[in-house]
2 protein chains.
Amino acid sequence: MSVGLSIGQVAERTGLSVHALRFYEREGLLADPVRRESNGRRVYTEDDVEWLNMCIKFRSSGMPLDTIRKYTDLVRQGRGNERERLALLRSHQEHVAAQIEELNECMRVITHKVTIYQQHLDDGTADCLWVAPSTTADASAAS
Amino acid sequence: MSVGLSIGQVAERTGLSVHALRFYEREGLLADPVRRESNGRRVYTEDDVEWLNMCIKFRSSGMPLDTIRKYTDLVRQGRGNERERLALLRSHQEHVAAQIEELNECMRVITHKVTIYQQHLDDGTADCLWVAPSTTADASAAS
DNA sequence: GACACTCATAGACCCCACTCTAGGTCGTGT
DNA sequence: ACACGACCTAGAGTGGGGTCTATGAGTGTC
């Protein structure tokens, strides 16, 4: 089934650089240190790729490498610590929820500004309303 | 109206450190270089605080300081470049939308993992299902 | 058998966004 | 008188997350 992938192939299909892949490995982010060919070259399995994709999801949702390492350690230790894994996941879940909240709020503010600029540009009123080269001009647009 | 605020007061009400406030100023993130008392101390206006709050929104939605500086420059230059400001804002808006998308996708994945772990813990099946201290064990939970 | 290519390691380097330090000034309270 | 706390500047240091370099070895093909 799993043919064995070179680091270059894994880089290609995960979008991580080969540098990053080696870096992640050094950092202990792979459940088991990648197998090697006789010549020392890394051989990745499809499972490794799947795991990496999960790490990428974790990273891109703001989980620090350190926490990913903790999670990896738990998984590596095997059965018995499922509660801990769950706690870690839940905590990250909350974190992500908070981020989404925050971004939505930012979005609200930005969209408001965009709308106002757009309106004034449409009106051709821009030249009348933007008076001072100051904070205030933009702030009044923001408020 | 505006009484004039010390850097400490501004730090308190924006949540930025006094260090960060000075840093932001050096970096050209304030529309006009803050006024000073005769003794050289900074005096912030409420407008400055408002502007800073906007910067904070920008930052916390992932806008690099560099881009905030560009926006600030545009505002500082005054009327005539509203199109550019709008373009910058729109571009950031898209960026934020993409981030929200991404986070939602991560959330989906994480929630799925959480659900599965929770199920197995509820079932008490954890000890049977988690077999190997390997990627696979967790990957099967993820899939 | 020469050239290009991919891989290997160890460690240096980079960028970003702060954060902190050193050394000094001012104004107030006791 | 003098200590204290808030402020000032310039610039060094930090932490996270990679990225790049130097150096060398194995493979593939003309």
Given [N], is OP1 or OP2 found less than 4.0 Å from the side-chain N or O atoms of [X]?
{"X": "B:Tyr24", "N": "C:dC18", "result": "yes"}
{"X": "A:Arg59", "N": "D:dG16", "result": "no"}
{"X": "A:Ser17", "N": "D:dG18", "result": "no"}
{"X": "B:Arg42", "N": "D:dC7", "result": "no"}

Just the rounded figure in Å: distance from [atom2] of [N] to [atom1] of [X].
{"X": "A:Met63", "N": "D:dG16", "atom1": "CE", "atom2": "P", "answer": "16 Å"}
{"X": "A:Leu21", "N": "D:dG17", "atom1": "CG", "atom2": "C1'", "answer": "14 Å"}
{"X": "B:Glu27", "N": "C:dC18", "atom1": "CD", "atom2": "P", "answer": "10 Å"}
{"X": "B:His19", "N": "D:dA10", "atom1": "NE2", "atom2": "P", "answer": "16 Å"}
{"X": "A:Ile7", "N": "C:dC5", "atom1": "CD1", "atom2": "C1'", "answer": "15 Å"}
{"X": "B:Asn39", "N": "C:dG24", "atom1": "CG", "atom2": "P", "answer": "19 Å"}
{"X": "B:Phe23", "N": "D:dC8", "atom1": "CZ", "atom2": "P", "answer": "16 Å"}
{"X": "A:Glu37", "N": "C:dT9", "atom1": "CD", "atom2": "C1'", "answer": "17 Å"}

Practice task
Under 4.0 Å between any heavy atoms, over every strand shown, what does B:Arg26 touch: base, sugar-phosphate, or nothing? Just pick one.
Solution key: base
Exercise for the section: Scan B:Arg22 against the nucleic acid and name what it touches under 4.0 Å (heavy atoms): base, sugar-phosphate only, or nothing. Expected result: base
Picking from [options], which would you name as closest to the side chain of [X]?
{"X": "A:Arg41", "options": "D:dC8, D:dA25, D:dT19", "value": "D:dA25"}
{"X": "A:Pro64", "options": "D:dG17, C:dA17, D:dC7", "value": "D:dG17"}
{"X": "B:Arg36", "options": "D:dG17, D:dT19, D:dT9", "value": "D:dT9"}

Handout entry: B:Gln99 side chain vs B:Ser61 backbone, donor-acceptor pair below 3.5 Å
Key = yes
Problem - Main-chain N/O of A:Ser6 paired to A:Gln9 side chain as donor or acceptor, under 3.5 Å - result: yes
Practice task
Using the side-chain contact (heavy atoms from CB on, under 4.5 Å) rule, pick out the option among B:Thr72, B:Ile68, B:Val96 that qualifies with B:Phe58.
Solution key: B:Ile68
Practice task
Sort out for me which residue in B:Asp122, B:Ile116, B:Thr115 forms a side-chain contact (heavy atoms from CB on, under 4.5 Å) with B:Gln118.
Solution key: B:Asp122
Exercise for the section: Go through the side-chain N and O atoms of B:Asn104 and B:Arg108 and say whether any donor and acceptor fall under 3.5 Å apart. Expected result: no
